Amino acid sequence: AEYYQRLPRAEEALGAFTTGVLATEIVLGFLTFMGSVIAFLLVPFLLHRLGEAAYGVWALVGSVFAYSIVFQLGLASAINRFVPVRLASGDLDSLRAVVSTCTAFLSAVAIVVLGLTLVLHHWLTQIFQIPPALAADARLCVLVVGGCAALGAITSAAGPVLSGYQRYDLMARSRLTVTLVRSTLLVVLVMQGFGLVTVALLYGLGELVVNAGSTSVNPSASRKVASA
């Protein structure tokens with residue numbers, strides 16, 4: 001009886017929950033909007049500084065490797081679903097087993113992506129019409145982006161785990177921070193004369209940093225701090 005007396009009334013609990021959710025949604029919406037604005041503004045800048053041909057090569061390489069997420073076979077959604085289920089049941093051993101199994105599978109995906117990267121690097125100019133002057137840089141971009149995609153696949157389970165903990169705030173903040181730093185470096189270096197390979201390297205390393213940051217976060221500890 002004493003326990004139930006210490007619980008907040010339904011109206012108080014609902015009010016606190018609604019206020020917290022609303023504030024979080026506003027912040028997340030703002031962070032997402034800012035990231036979209038920065039990405040939108042970078043397109044005309046890169047198009048002007050790199051030239052139409054070089055930007056077209058970058059768009060091609062980036063689009064090809066964007067499809068590498070298909071090899072995950074919806075695993076992110078599965079992790080996002082199993083994490084809260086295991087947390088609710090208090091079965092932390094099963095939660096660790098799920099994450100470990102997914103990481104092992106994603107490591108196999110990384111090997112596949114790396115193999116396809118080497119194939120695409122060899123046959124790039126035969127598959128796509130790349131200007132001869134950009135062929136060497138295009139092949140190097142394939143190696144850079146493909147290598148980063150393969151390394152990122154190994155740690156890509158960290159994002160869905162944070163999502164399963166409902167820590168969208170941490171995900172949005174880390175993504176926006178990386179976007180701001182990457183965009184600043186991109187503008188400075190491209191204006192200094194660096195080209196296609198630099199763009200690929202910054203984008204690839206940026207994704208690795210996001211995954212590494214998600215891996216280093218303790219979502220349960222962060223939740224306690226945030227709710228305190």
Side-chain angles (χ1 to χ4, degrees), residues 30-74 76 106 108-156 159 171-172 174-214:
F30 174 75
L31 294 178
T32 303
F33 174 75
M34 289 300 299
S36 300
V37 169
I38 293 172
F40 176 79
L41 294 177
L42 279 177
V43 172
F45 171 77
L46 291 177
L47 186 60
H48 173 70
R49 301 296 299 193
L50 296 179
E52 294 183 1
Y55 182 81
V57 170
W58 163 240
L60 172 66
V61 174
S63 299
V64 168
F65 282 100
Y67 285 102
S68 63
I69 195 173
V70 174
F71 295 110
Q72 296 184 10
L73 303 177
L106 291 171
V109 170
I111 296 176
V112 173
V113 172
L114 188 59
L116 292 177
T117 297
L118 297 177
V119 172
L120 183 60
H121 171 264
H122 181 75
W123 295 97
L124 181 65
T125 54
Q126 283 76 20
I127 300 174
F128 302 104
Q129 294 183 354
I130 306 293
L134 296 173
D137 284 348
R139 286 195 176 93
L140 190 53
C141 282
V142 168
L143 291 179
V144 170
V145 177
C148 290
L151 290 175
I154 300 174
T155 57
S156 60
M171 297 172 64
S174 63
R175 173 65 65 177
L176 180 61
T177 300
V178 169
T179 299
L180 288 172
V181 174
R182 178 173 59 192
S183 301
T184 302
L185 291 174
L186 194 61
V187 170
V188 172
L189 293 177
V190 170
M191 291 186 68
Q192 293 295 322
F194 293 88
L196 194 58
V197 178
T198 300
V199 174
L201 186 61
L202 286 176
Y203 272 95
L205 291 179
E207 296 304 309
L208 288 179
V209 170
V210 170
N211 288 344
S214 299

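Residue numbers start at 1 and run along the sequence shown. In what follows, every heavy atom counts, from backbone to side chain, and hydrogens, waters and symmetry copies are set aside. Predicted, not measured: the structure shown is a model, and the values here were computed from it.
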How far apart are the C-alpha atoms of Asp137 and Val57, what are their side-chain angles, what is the distance that settles it, and do they pass the side-chain contact (heavy atoms from CB on, under 4.5 Å) test?
CA-CA 9 Å; Asp137 284 348; Val57 170; over 6 Å; no
Apply side-chain contact (heavy atoms from CB on, under 4.5 Å) to residues Thr125 and Arg139 and explain how you reach the verdict.
CA-CA 9 Å; Thr125 54; Arg139 286 195 176 93; 2.9 Å; yes
Does Ile154 form a side-chain contact (heavy atoms from CB on, under 4.5 Å) with Val109? I'd like the steps, not just the answer.
CA-CA 8 Å; Ile154 300 174; Val109 170; over 6 Å; no
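Here Leu46 contributes atom CG and Leu196 contributes atom CG; the two are 10.0 Å apart, rounded to the nearest 0.5 Å. One distance of note links CG of Leu116 with CD1 of Ile111; it measures 12.0 Å at 0.5 Å rounding.
For Gln126, the CD atom is densely surrounded, since the number of other residues' heavy atoms within 6.0 Å is greater than 12.
Residues Leu201 and Val145 fail the side-chain proximity criterion, which asks for heavy atoms closer than 4.5 Å. Under the 4.5 Å side-chain criterion, counting only non-hydrogen atoms from C-beta, Val181 is not in contact with Val209. You'll find the side chain of Leu120 reaches within 4.5 Å of the side chain of Phe128, heavy atoms only. At a threshold of 4.5 Å between non-hydrogen side-chain atoms, the residues Val187 and Phe45 count as touching. Using a 4.5 Å heavy-atom threshold, the side chains of Leu186 and Val199 count as touching. Residues Val144 and Tyr203 form no side-chain contact, since every pair of their non-hydrogen atoms from C-beta on lies 4.5 Å or further apart. Using a 4.5 Å heavy-atom threshold, the side chains of Arg182 and Leu205 count as separate.
Summarising the geometry of Ala138 relative to Ile130, their closest heavy-atom pair is CB-CG2, 4.0 Å, with the distance given to 0.1 Å. In plain terms, the two heavy atoms of Gly146 and Val113 that are nearest each other are O-CG1, 4.0 Å. Among all heavy-atom pairs drawn from Ala153 and Leu106, the shortest one is O-CB, 3.2 Å. When all heavy atoms of Thr117 and Val142 are compared, the pair lying nearest together is CG2-O, 3.4 Å. Leu42 and Ser183 make their closest contact through CD1-OG, 3.4 Å (heavy atoms, listed as atom of the first residue, atom of the second, distance).
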